A.B. asks: 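To start, I am sharing the structure in question, which I have written as structure tokens.
All of these numbers come straight from a predicted model, not from anything done at the bench. Throughout, a chain's letter reflects where its sequence line sits, starting with A, and its residues are numbered from 1. FYI, side chains are in, hydrogens and waters are out, and symmetry mates aren't considered; it's all heavy atoms of this structure.
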Protein chains: 2
Amino acid sequence: MARTVLDRADAVRALAGVFRKRGFDGASLSVVQQETGIGRGSLYHFFPDGKEDMARAVLEEVRAWFDEQVFAPLRTPEDPAAAVGATMRAVEEYFLSRHCVCLYAVMTLGQDRPAHAEAVRSYFADWVELLARTVEQAGVAGDEARARAVDAVAAVQGALVLARALDDDTVVTGVVDRSRRRLLDGLG
Amino acid sequence: MARTVLDRADAVRALAGVFRKRGFDGASLSVVQQETGIGRGSLYHFFPDGKEDMARAVLEEVRAWFDEQVFAPLRTPEDPAAAVGATMRAVEEYFLSRHCVCLYAVMTLGQDRPAHAEAVRSYFADWVELLARTVEQAGVAGDEARARAVDAVAAVQGALVLARALDDDTVVTGVVDRSRRRLLDGLG
DNA sequence: GTCTATAAAGCGATAGAC
DNA sequence: GTCTATCGCTTTATAGAC
């Protein structure tokens, strides 16, 4: 009988998909097993501390992706304005290809899950901070730059909520595009 | 022994509080009983179809509140610009006094809950539509008015996500205030 | 209208064979 | 590294007394 052996990274990716579709509570181990083909044995081999361990791993993977793809252009930008454009485009592409679900928001929004509170906080705080700094470098005054960054991150998250509620991905495209333009408004 | 007899409306309000704090899945009947003092017997008396019935009732109450307090200024505004200001201020006050949680978003965002999909869709669609129409009446061209309305509703929802993640209610104040100004930008 | 006891199902987690 | 069987617990929902 054929048997599939896999990587922890494969398991994390598969888990992320189930969490995105079902939410943390909706992704019972039976559901995970059915939808990914990964059995309880493998799950507890890769994630000895169980479901919380799986959640942590999935959040860490998202965080790593953002560090590399979304935050990287903001860390030492040669052209700050171009970096702002690049980061917003990366974000848009990311969420459009992941059913408009932000796992950090999903883990936070409804539930009382203090275990991940600090990871969630730093994900959003770092995002706002890096974006604000780059907008400032592009020529916007400090307070105004920070307000624009907060507005942009909120716009992205709100667009995800709205896109899912209305079942219309173009909401994300529209909101993110306009948000990107506002970030750099008045900068010739 | 003292016994408390209550109204279905009281039960709905109490349930809304628990759902806001815990999420739908986190609000088990035992938790509901502990935090509200309402026993299983009363719960199933008021909500014969069980938990889904409770969720429906809570969403209906939120919807009714929005119809009366938030959407009302938009239905037949004498002064469209003033109505836009009023609706945004009502929204801000509403969510600030409810721990920055939108139950419609919570029911949608993470979970696969097709039972309420239509209620969620129409809540957001009506909100956007009414706001867009009023902004247009205030003097903004149709397409632009709709884009501004989408941006504003997304901004509110995103502000809630961010405020909870950062544990900072001032995010809501800031984002909503700037959003209100943008809705009426360029209208003397 | 409220209470308590209980049924039936599903949950996360573990153990041990392979 | 994977599988299956099973434990103990919690879940929603129901029944029947008051």
A.B. asks: Expected output is a numbered-order residue list: members of residues 47-60 of chain B with a heavy atom under 4.0 Å from any atom of DNA chain D. What is it?
C.D. replies: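 Residues of residues 47-60 of chain B that come under 4.0 Å of DNA chain D are, in numerical order, Gly50(B), Lys51(B).
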
A.B. asks: The helix from dG1(C)-dC18(D) to dC18(C)-dG1(D): angle between its terminal axes, five pairs each, to 10°?
C.D. replies: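 One end axis against the other gives 0°.
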
A.B. asks: Between Arg113(B) and Asp25(B), is there a salt bridge with N-O shorter than 4.0 Å?
C.D. replies: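 So Asp25(B) pairs with Arg113(B) through a salt bridge.
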
A.B. asks: Nearest to the side chain of Tyr44(A) - dT2(C), dG12(C), dT2(D)?
C.D. replies: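 Nearest to the side-chain atoms of Tyr44(A), counting from C-beta on, is dG12(C).
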
A.B. asks: For Arg121(A), is there an ion pair with Asp167(B) - N to carboxylate O distance below 4.0 angstrom?
C.D. replies: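 No, this pair does not count.
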
A.B. asks: Counting only non-hydrogen atoms, which of residues 9-17 of chain B are less than 4.0 Å from DNA chain C?
C.D. replies: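 Those residues whose heavy atoms fall under 4.0 Å from DNA chain C, taken from residues 9-17 of chain B, amount to none.
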
A.B. asks: Around atom CD of Glu78(B), are there more than 12 heavy atoms of other residues, nucleotides or ligands at under 6.0 Å?
C.D. replies: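 Incorrect, the count does not exceed 12.
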
A.B. asks: Are Arg63(B) and Glu60(B) ion-paired here, with the side-chain N under 4.0 Å from a carboxylate O?
C.D. replies: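 No, Arg63(B) and Glu60(B) are not salt-bridged.
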
A.B. asks: Got a sec: does the CD of Glu93(A) have more than 12 other heavy atoms crowding it under 6.0 Å?
C.D. replies: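 Check fails, neighbour count at 12 or below.
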
A.B. asks: Strictly distance-based, threshold 3.5 Å: is any side-chain N or O of Thr170(B) a donor or acceptor partner for the main-chain N or O of Thr173(B)?
C.D. replies: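 Not confirmed, Thr170(B) side chain does not pair with Thr173(B) backbone.
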
A.B. asks: Can you name the residues that form a salt bridge (charged side-chain N to carboxylate O under 4.0 Å, His left out) with Arg75(A), not counting sequence neighbours?
C.D. replies: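 For Arg75(A) the salt bridge (charged side-chain N to carboxylate O under 4.0 Å, His left out) partners, ignoring immediate neighbours, are Asp67(A).
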
A.B. asks: At less than 4.0 Å, is any side-chain N or O atom of His45(A) found next to OP1 or OP2 of dG1(D)? Yes or no.
C.D. replies: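 Yes.
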
A.B. asks: Which residues in residues 29-40 of chain A have at least one heavy atom lying under 4.0 Å from any atom of DNA chain D?
C.D. replies: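 Close to the strand are Gly39(A), Arg40(A).
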
A.B. asks: Quick one: Leu43(A) CG to dT4(D) P, roughly how many Å, whole number?
C.D. replies: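 Value for this atom pair: 14 Å.
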
A.B. asks: Do other residues, nucleotides or ligands put more than 12 heavy atoms under 6.0 Å from the CG atom of Asp185(A)?
C.D. replies: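 Atom CG in Asp185(A) is packed in, count exceeds 12.
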
A.B. asks: If you define the side chain from C-beta out and look only at heavy atoms, does anything of Gln157(B) sit under 4.5 Å from Trp127(B)?
C.D. replies: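 Answer yes - side chains close enough.
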
A.B. asks: List for me each residue that meets salt bridge (charged side-chain N to carboxylate O under 4.0 Å, His left out) alongside Asp177(B), sequence neighbours excluded, and say none if there are none.
C.D. replies: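 If we apply the salt bridge (charged side-chain N to carboxylate O under 4.0 Å, His left out) test to Asp177(B), skipping adjacent residues, the hits are Arg180(B).
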
A.B. asks: Please report, rounded to the nearest Å, how far the P atom of dC11(C) is from the CZ atom of Phe24(A).
C.D. replies: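 Going from Phe24(A) (CZ) to dC11(C) (P), I get 13 Å.
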
A.B. asks: Thinking salt bridges, do Glu52(B) and Arg56(B) make one under a 4.0 Å N-O criterion?
C.D. replies: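 Looking at Arg56(B) together with Glu52(B), the answer is no, because their closest N to O distance does not fall below 4.0 Å.
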
A.B. asks: From dT2(D), dT14(C), dT11(D), pick the nucleotide closest to the side chain of Ser28(B)?
C.D. replies: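 Of dT2(D), dT14(C), dT11(D), dT11(D) is nearest to the side chain of Ser28(B).
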
A.B. asks: Under 4.0 Å between a Lys/Arg side-chain N and an Asp/Glu carboxylate O for Glu129(B) and Arg146(B)?
C.D. replies: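 So Glu129(B) pairs with Arg146(B) through a salt bridge.
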
A.B. asks: Salt bridge between Arg178(A) and Asp151(B), side-chain N to carboxylate O under 4.0 Å?
C.D. replies: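 Counted as a salt bridge, because a side-chain N and a carboxylate O are separated by less than 4.0 Å.
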
